[in-house]
Amino acid sequence: MTELLDVQIEDGIATLTLNNGKVNALSHEMIAALHAGLDQAEAAGAVVILTGQAGIFSGGYDLKTMQKSPEAAMALVKEGSSLTRRMLAFPCPIVGACNGHAVAKGVFLLLCCDHRVGVAGDFKLGLNEVAIGIPMHHAGIALARNRMPKPYFNRAVITAEMFDPATAIDAGILDRVVPAEALLPTARKIAEAMKGLNKDAYLKTKLKVRKDYLAHLDWAIEEDAKVGFS
C-alpha cells in the first residue's frame, strides 16, 4: 500500500484502490502511483479492478495544479491522457468499480475500463469541464465520443450535464448499477470471468478493434500539447 494507491494482488486479480483524500484527486503523484500499480498488475498477468472509496470514485484532476496556470493544467492533463491511453491498450482486462460520484477525469477513467459497475444512490457522474469554464480538450472529446451514444455525448461534453447512476448506464459511463454492498463482489465476479479469457486473443482483438481510435487519441494528445485549452 502507498499513501495514494492501495494495490492488492490475489488469485490473478489486482485491486487498485484510489486513496487520495476526500475526492481521490488525480495529481501527478496519483497518476504515477496508478502507472506503478498497472506495472505490478501487468507483471503478474492479473485482471485489474480499479476502485475508489465509499461514496467517491474520483472527482477528477487536482484543482490546485489545474489552477496554477494554463501550462501547469495542460501538463497534468497530458499525463492523465497518457494514462488513459495506456489503459485502453492494457494487456489485461480492467474492471471499473465506481463507488459513488465520478466527475471529469474520474469519468474518463471509467470510459477506459472494459466493464464498469456503479453503486445505486444519490450520486452524480459526468463531465463538468464546460460548467467550470474549461473548454473540453481533444483527448477528452475522443474518449467520450468512443463510448458515449451521440445524444448523451452532446449533453455530457457540450452542456456538462451530470447523470445519476441509472442514467449513466444509458450515457455509456457505466454498464450496471448494484447496491453498495454488492459493488466489489460483483466486480470480482466479473474479473473472475475475465480471467478465463485467452490473454493473447484478448489483447490482439482489443488492439484491432481500437486501432483507429488509439491513433486518433495519439493525435489528440499531441494536439492538446500544441494548443492547450484554446
Side-chain angles (χ1 to χ4, degrees), residues 4-5 16 18-35 50-53 55-88 94 96-113 116 118-119 121-148 152-165 167-169 171-174 217 220-221 223-225 227-230:
L4 300 177
L5 186 75
L16 278 54
L18 304 173
N19 184 40
N20 188 17
K22 291 191 292 185
V23 298
N24 287 329
L26 291 159
S27 60
H28 290 290
E29 294 78 12
M30 174 60 94
I31 291 170
L34 282 165
H35 275 297
L50 180 61
T51 191
Q53 303 167 41
I56 183 73
F57 179 68
S58 174
Y61 286 122
D62 176 55
L63 286 180
K64 290 182 181 178
T65 302
M66 294 296 288
Q67 293 170 350
K68 282 183 180 178
S69 69
E71 294 76 18
M74 186 47 63
L76 182 58
V77 168
K78 184 174 182 180
E79 282 194 13
S81 296
S82 297
L83 170 65
T84 42
R85 203 275 186 204
R86 181 186 183 184
M87 291 172 63
L88 287 165
I94 301 177
C98 179
N99 315 66
H101 299 293
V103 180
K105 189 62 180 182
V107 167
F108 288 131
L109 291 178
L110 292 172
L111 293 176
C112 295
C113 296
R116 296 78 46 84
V119 295
D122 187 20
F123 301 116
K124 296 298 181 184
L125 299 90
L127 305 171
N128 71 337
E129 281 83 350
V130 169
I132 62 173
I134 300 176
M136 184 64 75
H137 53 300
H138 287 92
I141 292 170
L143 291 164
R145 180 174 279 131
N146 180 67
R147 204 70 181 263
M148 303 181 79
Y152 286 97
F153 167 83
N154 290 335
R155 289 163 59 181
V157 173
I158 298 175
T159 62
E161 184 173 344
M162 304 297 287
F163 306 108
D164 60 35
T167 309
I169 296 176
I173 299 170
L174 298 174
L217 186 57
I221 292 170
E223 191 69 10
D224 286 334
V227 303
F229 294 104
S230 61

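For N128, there are no side chain to side chain donor-acceptor pair (under 3.5 Å) partners, not counting sequence neighbours. V157 pairs by the side chain to side chain contact (heavy atoms under 4.5 Å, CB included) definition with L127, M136, I141, A144, F153, not counting sequence neighbours. The side chain to side chain contact (heavy atoms under 4.5 Å, CB included) test applied to N24 returns L18, N20, Q53, I56, S58, not counting sequence neighbours. Partners of K68 by side chain to side chain contact (heavy atoms under 4.5 Å, CB included), not counting sequence neighbours, listed by chain and number: A72. Listed by chain and residue number, nothing satisfies the side chain to side chain donor-acceptor pair (under 3.5 Å) test with E223 (two or more places apart in sequence, or in another chain). With sequence neighbours excluded, the residues satisfying side chain to side chain contact (heavy atoms under 4.5 Å, CB included) with D164 are A166, T167. Under the side chain to side chain donor-acceptor pair (under 3.5 Å) criterion, R145 pairs with no residue at all, not counting sequence neighbours. Every residue two or more places apart in sequence or in another chain that forms a ring pair (Phe, Tyr, Trp, His ring centres under 6.0 Å) with F108 is listed here: H137. Taking R155 as the reference, E161 meet the salt bridge (charged side-chain N to carboxylate O under 4.0 Å, His left out) condition, with sequence neighbours excluded.
Of all the heavy atoms in M87 and C113, the pair that sits closest is CE-SG, 4.1 Å. Annotation for A33 and L4: closest pair CB-CB, 4.4 Å, computed over non-hydrogen atoms. Of all non-hydrogen atoms in A139 and S81, the two that sit nearest each other are CB-OG, 3.5 Å. Summarising the geometry of F57 relative to A97, their closest heavy-atom pair is CD1-O, 3.7 Å, with the distance given to 0.1 Å. Of all the heavy atoms in C98 and L174, the pair that sits closest is CB-CD2, 4.1 Å. Of all heavy-atom pairs spanning G100 and V119, the tightest one is N-CG2, 3.7 Å.
The main-chain N or O of F123 is never found under 3.5 Å from a side-chain atom of H101 such that the two would form a donor-acceptor pair. With hydrogens and angles ignored, the 3.5 Å screen pairs no side-chain donor or acceptor of R116 with any backbone N or O of G96.
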> Going through the checks in order, is the side chain to side chain contact (heavy atoms under 4.5 Å, CB included) test met by H28 and D62?
Replying inline: CA-CA 8 Å; H28 290 290; D62 176 55; over 6 Å; no

>> If you apply the rule side chain to side chain contact (heavy atoms under 4.5 Å, CB included), what do you find for N146 with L217, and how did you get there?
In response: CA-CA 10 Å; N146 180 67; L217 186 57; over 6 Å; no

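Rounding to the nearest 0.5 Å gives a distance of 11.0 Å between CG of L143 and CE of M148. Summarising the geometry, atom NZ belonging to K64 is positioned 10.5 Å from atom OG belonging to S27; distances are rounded to the nearest 0.5 Å. Distance check, rounded to the nearest 0.5 Å: CE of M66 to CE of M74 gives 7.5 Å. A distance of 9.0 Å separates CG of L110 from CZ of R147, quoted to the nearest 0.5 Å. L34 CG to R86 CZ: the interatomic distance, rounded to the nearest 0.5 Å, is 10.0 Å. The distance from atom CD1 of I94 to atom CG of L50, rounded to the nearest 0.5 Å, is 7.5 Å.
With contacts defined as side-chain heavy-atom distances shorter than 4.5 Å, the pair V23/V103 does not qualify. Considering only heavy atoms from C-beta on, P165 comes within 4.5 Å of L125 through its side chain.
Among pairs with a residue in residues 75-85, those fulfilling salt bridge (Lys or Arg N to Asp or Glu O under 4.0 Å) read R85-D218, at least two apart in sequence or across chains.
Using a 3.5 Å distance cut-off with no hydrogens or angles, the side chains of K105 and T84 do pair a donor with an acceptor.
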